[in-house]
Each structure stands twice: as structure tokens, then as C-alpha cells.
Amino acid sequence: MQPIKIAVLGSGKGSNFRSILNAILAGQIKARPVIAVSDVPGAGMLTLAENLGVPTAVVEEMKYRTRLSEEVESGLVETLRASGAELIVLAGYMRVVKQPLLEAFPRRIINIHPSLLPAFPGLEAWRQAVEAGVETTGCTVHFVDSGIDSGEIIAQAEVPVLPGDTPETLHARIQEAEHRLYPEVIKRFAVRELL
Ligand code: GAR
């Protein structure tokens, strides 16, 4: 079986991307990262990619903060198609995905979200969990659709909220779970169980 070609999109430091790269380098997942794309010039995830010789691209959006304009997203689709990517992995990508990308890769775009969806969609889900006073939260990998964190759920992992947790300590614990869960799910795509 050929390694699955993955594109990773992110806006931040790229700790999930790092966990995926580590799993690939350790031989746990047969995948090839063909491109890393960020909407944030200088994002840590781009440096990570550059250090490993993974091609990178930056999408520049001037008009909107929470999504890409149609022209820019169509350009992104071209970039992703040219890379040969079979699976689009959102890892801390902080914009809503719109039609050009959704139509180009139906059931081929996945996202990781730091809560047990459908609880706490949207921004800073770890803060929402602390403020709601729940005892358990977690992380979810799901297919991306046109809603906000609303696509079909693929896998979840639970994380306890401990007494004295701040949003930051809780987010750190959720991220440890993310770093286990996302590689496990990508492995299921790599063995074509989910493709
Ligand atoms: C992760 O915790 C991810 O779940 C979250 O952003 C963080 C990115 O961290 N994503 C969202 O909140 C998406 N709605 P990373 O850049 O270190 O992987």
C-alpha cells in the first residue's frame, strides 16, 4: 500500500503537526506530508515543515479574519491539488472552511477540536469547559463540513478536568490527548479503513 499523501493546514505552533510527523518518522503511520499550509506567515508549523524538507505555502487573506475569501480559498484548492494530497488535515487551522475547499475534497478534510463535541464548539473550547464547570472534557477528530465544528465525529478521547485547573493547564492536558488521538485516526486513513 502506498503511503497516504497528506496536506496539513494550521495557524499556530504546530504541536499536533509535530505529533503526526513523529508518528510517521517512527514508522507508526504510512503517510507522506506533501505540503504544509498556513494562513499565518511565520507560524511555527511552517518552520517545523521546513526543517524536515516538507514543502510549505502561505495563504494571504486581507479581507476576512475568520474565513478565506472565495478567490483565496480557490487558490488554496489549486495548491492542494497540485501537491497530490489525498487527505487534508486541519491542525489548529483557525478559519472556517467554505465551499471551494469542501467541494474539492468531499469527506477528505478532517479537523481536531479540543472538546468532546458537540459540547463547546468554537474558540478556546478549553476555557469554555473550565467556565462551564464540567468534570470531563476531551478532544474530537471529525470530518469537516460547512458548520462550525459540526461534521461527523470519527473519534474522541476523554480528559478529566482537575480541581484548580486553569484554562491553560487544562489545554495542556487536552493537547497530550490530541497528540495521541490524531495520529491514531490518520493511521486509519493510511490503511484505507476510512478512505
Ligand atoms: C489545538 O489544541 C487544536 O485542538 C485547536 O488549536 C490547537 C492548535 O495547537 N484547534 C481549535 O481550537 C480549532 N477549532 P497546535 O498548533 O499546537 O497543534
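In listed order, ligands and their atoms are each counted from 1. This structure is a prediction, so every number in the text was calculated from the model and none was measured.
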Visitor: What protein heavy atom is closest to atom 6 (O) of ligand 1, reported as residue, atom name and distance in Å?
Guide: G92 CA, 3.8 Å
Visitor: Measuring only between side-chain heavy atoms, which start at C-beta, is M45 closer than 4.5 Å to E50?
Guide: no
Visitor: If you measure every N or O of Y93 against every N or O of ligand 1, does any of those distances drop under 3.5 Å?
Guide: no
Visitor: Regarding ligand 1, does N16 bring an N or O atom to under 3.5 Å of one of the ligand's N or O atoms?
Guide: yes
Visitor: Are there over 12 heavy-atom neighbours, none belonging to R192, within less than 6.0 Å of that residue's CZ?
Guide: yes
Visitor: Nearest to atom 13 (C) of ligand 1, what protein heavy atom do you find, and at what distance?
Guide: M94 SD, 3.9 Å
Visitor: For atom 10 (N) of ligand 1, which of I112, L117, T140 has the closest heavy atom?
Guide: I112
Visitor: Does R107 pair with E152 as a salt bridge, N-O distance under 4.0 Å?
Guide: yes
Visitor: Answer whether the closest heavy-atom distance between the side chains of F189 and V89 falls below 4.5 Å.
Guide: no
Visitor: Is H171 close to ligand 1, meaning an N/O of one under 3.5 Å from an N/O of the other?
Guide: yes
Visitor: Around atom 11 (C) of ligand 1, find the nearest protein heavy atom and jot down its residue, atom name and distance.
Guide: P114 CD, 3.7 Å
Visitor: Does only the side chain of M45 get under 4.0 Å from ligand 1, or the backbone, or both, or neither? Count heavy atoms.
Guide: neither
Visitor: Just which atoms of ligand 1 are under 4.0 Å from any heavy atom in E178?
Guide: 1 (C), 2 (O), 3 (C), 4 (O)
Visitor: Look at atom 14 (N) of ligand 1 and say which protein heavy atom is nearest, naming residue and atom and giving the distance to 0.1 Å.
Guide: H113 ND1, 3.4 Å
Visitor: Just so I know, are the side chains of T166 and V130 near enough to count as touching, which here means a heavy-atom distance under 4.5 Å?
Guide: no
Visitor: Check whether any side-chain heavy atom of S115 sits under 4.5 Å from a side-chain heavy atom of L117, and report yes or no.
Guide: yes
Visitor: Should one rank A125, S15, G10, S115 by closest heavy-atom distance to atom 17 (O) of ligand 1, which comes out on top?
Guide: S15
Visitor: List the steps, then state whether side chain to side chain donor-acceptor pair (under 3.5 Å) holds for S146 with Q99.
Guide: CA-CA 7 Å; S146 57; Q99 283 315 318; 4.7 Å; no
Visitor: Is it the case that more than 12 heavy atoms not belonging to E168 sit under 6.0 Å from its CD atom?
Guide: yes
Visitor: If you have a sec, work out which protein heavy atom is nearest atom 9 (O) of ligand 1 and how many Å separate them, to one decimal?
Guide: Q175 NE2, 3.1 Å
Visitor: Whether R173 and E178 form a salt bridge (side-chain N of Lys/Arg under 4.0 Å from carboxylate O of Asp/Glu) is what I want to check.
Guide: no
Visitor: Tell me whether ligand 1 is touched by G14 - counting only heavy atoms on the residue side and a distance under 4.0 Å.
Guide: yes
